[in-house]
Amino acid sequence: MECKHDNLLQIEDLSIQYKTGEGIVRAVNGVSFSLCKGQTMGLVGETGAGKTTTALGILRLIPDPPGKIVGGKIYFNGENLLQKPDGMMRLIRGSQISMIFQDPMTSLNPVMTVGEQIAEVIEIHEALGKKESLEKAKKMLEMVGIPGSRHSDYPHQFSGGMKQRVVIAMALACDPQLLIADEPTTALDVTIQAQVLDMMNQLKKELNTSMILITHDLGVVAEVCDTVAIMYAGEIVEYGSIQEIFENPKHPYTIGLFQSLPSLDVDTDRLKPISGMMPDPTNLPTGCAFHPRCSQRCEKCTSMAPPMVNLSEDHQVRCFLCEDVSEQ
Amino acid sequence: MYKYIIKRLALLLPVLIGVSFIVFTIMYFTPGDPAQIILGENATEEALANLREEMGLNDSFFVQYSRFIINAVQGDFGRSYQSNRVVFDEIFSRFPATLQLAGIGVLLSVLIGIPVGVISATKQYSFFDNTTMVFALIGVSMPNFWQGLMLIMLFSVWLGILPSGGYGDWTYFILPAITLGTSSAGSIARMTRSSMLEVIRQDYIRTARAKGVLEKNVVYKHALKNALIPIITVVGLQFGYLLGGAVLTETVFSWPGIGRLLVDSIKQKDTPMVQGLVVFIAVTFSIVNLCIDILYSYVDPRIKSQYK
């Protein structure tokens, strides 16, 4: 997909594996996508599809051992992050790329005040002293709707929604160009989810941050994202603009995801789940990884891995799109 | 917080009553005649009978125990049968030697144990980790008295560079402190390692790395402080135990502390001394524990809010 302005992030053929006792877990296999400046991309898939691993890969935070980035390129502002020395990479984390983790209950350090934790990232990346950093941390707290005077409180003194606000304040403290939000609302209850999403959306616009939003909630994607990539078993199976994917989904997996959502417009008695389970990542099926669960498969799906097909300028799908469905 | 401390100190009372009852009962039923010990081998039967009557040794168990408790509450544990000194005077004259040795031993074990545990955890399964954990296991498993004897053999008998026992300048501290330090260091190192390993996998450590925090600060600022609670517990237990007199080590090195005093008093059936010592050791142990609990609240703010 072409960007109107500049391309901020471009990932080519990224592969990440974990070595475990049971064998090699192929968590991410040949993932490619790009993100334009100021845009938001949704990364959607089931638990275990490799979404978080992809995100950690961008930050080079894959725990090694057991994990390793085994191939690919990650261009950020035109520079390959995988070739940066560790020290340079550390300076990018938290300042140019920052991440919001899934569970706000566990992602804050319980023995440091929230003010200290926000001030720490400012102190590392901006030429500010302790005092000025804390002042800025208080401003960040106010920006996310928490009184600055609470900077000396500890995480356990906040509710879940407020903790996630603190995490967001921390992630945005140094005006990152790219924000990776890994299921930022999954651990929160529904009323708080909407608040947090609204706030993230608003802050993103104010600060002109690009964002990768990892989620399995297609409703959230529709609300926030410009483009969306559907992940399955470590691969992107469908990728395109939000209009294309939502109005004209092509991959049987994407179609299955939409069919398993309740709709207000259509009166359905039963939702249609996608039958079967995600394949074991240590032992992926031959051919298309989705073929054992696919209702549209044909013979070649079992033996050949389908290539990424360009359907239009802003719609790609990794599927043979079989005309003659031989089985099922 | 103060309320909590007062509550904890009040709880000391039932503990002390229980401890005193147990030690009194044991001493009451152990064989041996205090009158004989005080008057010596050549005392006449009449003198012995008079002294027994005078000391109330012919009274029933409960009369004797109540008398002991009434006196003890007033701080009077009697006089040593051996030296005829007031029990607590004797204990307090011996305690500094024990305190010094315990302090140095614990300091040594903390200075070795914590850094070794931290490095082992951050480099899990490395050569350093494997080697130090084997040594830690040896340190924990080696009996103190045996290690003490080996050290004496090596440094005092063969090399002749350090005194084999007794109390004096700093050279007298080296061998007993090493003996006490190695076993404590072993358990502290192992506890630090396992506690760090648990903490280092937590989400907030990943958050710290995602913020661009230096790895050194990730380990020492973010992880270690969270890993401290179990480490403090072990250090506190070791210190409390050593303050009660490291009985074996003090005996091997003829250290004039309360551990050796306890052994000597038991051997001589010096009942008031034993009772005084056991109660004293129980009190120090409880106070060390209380200090550790208070320390928790400084390390972990979540615990502070529970102390009410």
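Throughout, a chain's letter reflects where its sequence line sits, starting with A, and its residues are numbered from 1.
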Is the distance from the ring center of B/Phe280 to that of B/Phe92 below 6.0 Å? yes
Of the backbone (N, CA, C, O) and the side chain (C-beta and beyond), which part of A/Ile180 lies under 4.5 Å from a heavy atom of chain B, both, or neither? neither
Relative to chain B, which of [options] shows the most heavy atom pairs under 4.5 Å?
options: A/Thr106, A/Asn109, A/Val121; answer: A/Asn109
options: A/Leu59, A/Leu91, A/Leu108; answer: A/Leu108
options: A/Gly94, A/Pro110, A/Ala171, A/Pro176; answer: A/Pro110
options: A/Gln157, A/His156, A/Met99; answer: A/His156

B/Arg206 versus chain A, the contacting section by heavy-atom distance below 4.5 Å: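 B/Arg206 touches chain A through backbone and side-chain heavy atoms alike.
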Please state whether the side chain, the backbone, both or neither of B/Leu214 comes within less than 4.5 Å of a heavy atom of chain A. both
Does the pair [X]/[Y] count as a salt bridge with the N-to-O cut at 4.0 Å?
X: A/Asp86; Y: A/Arg60; value: yes
X: A/Glu135; Y: A/Lys138; value: yes
X: B/Glu215; Y: A/Arg90; value: no
X: A/Glu46; Y: A/Lys51; value: no

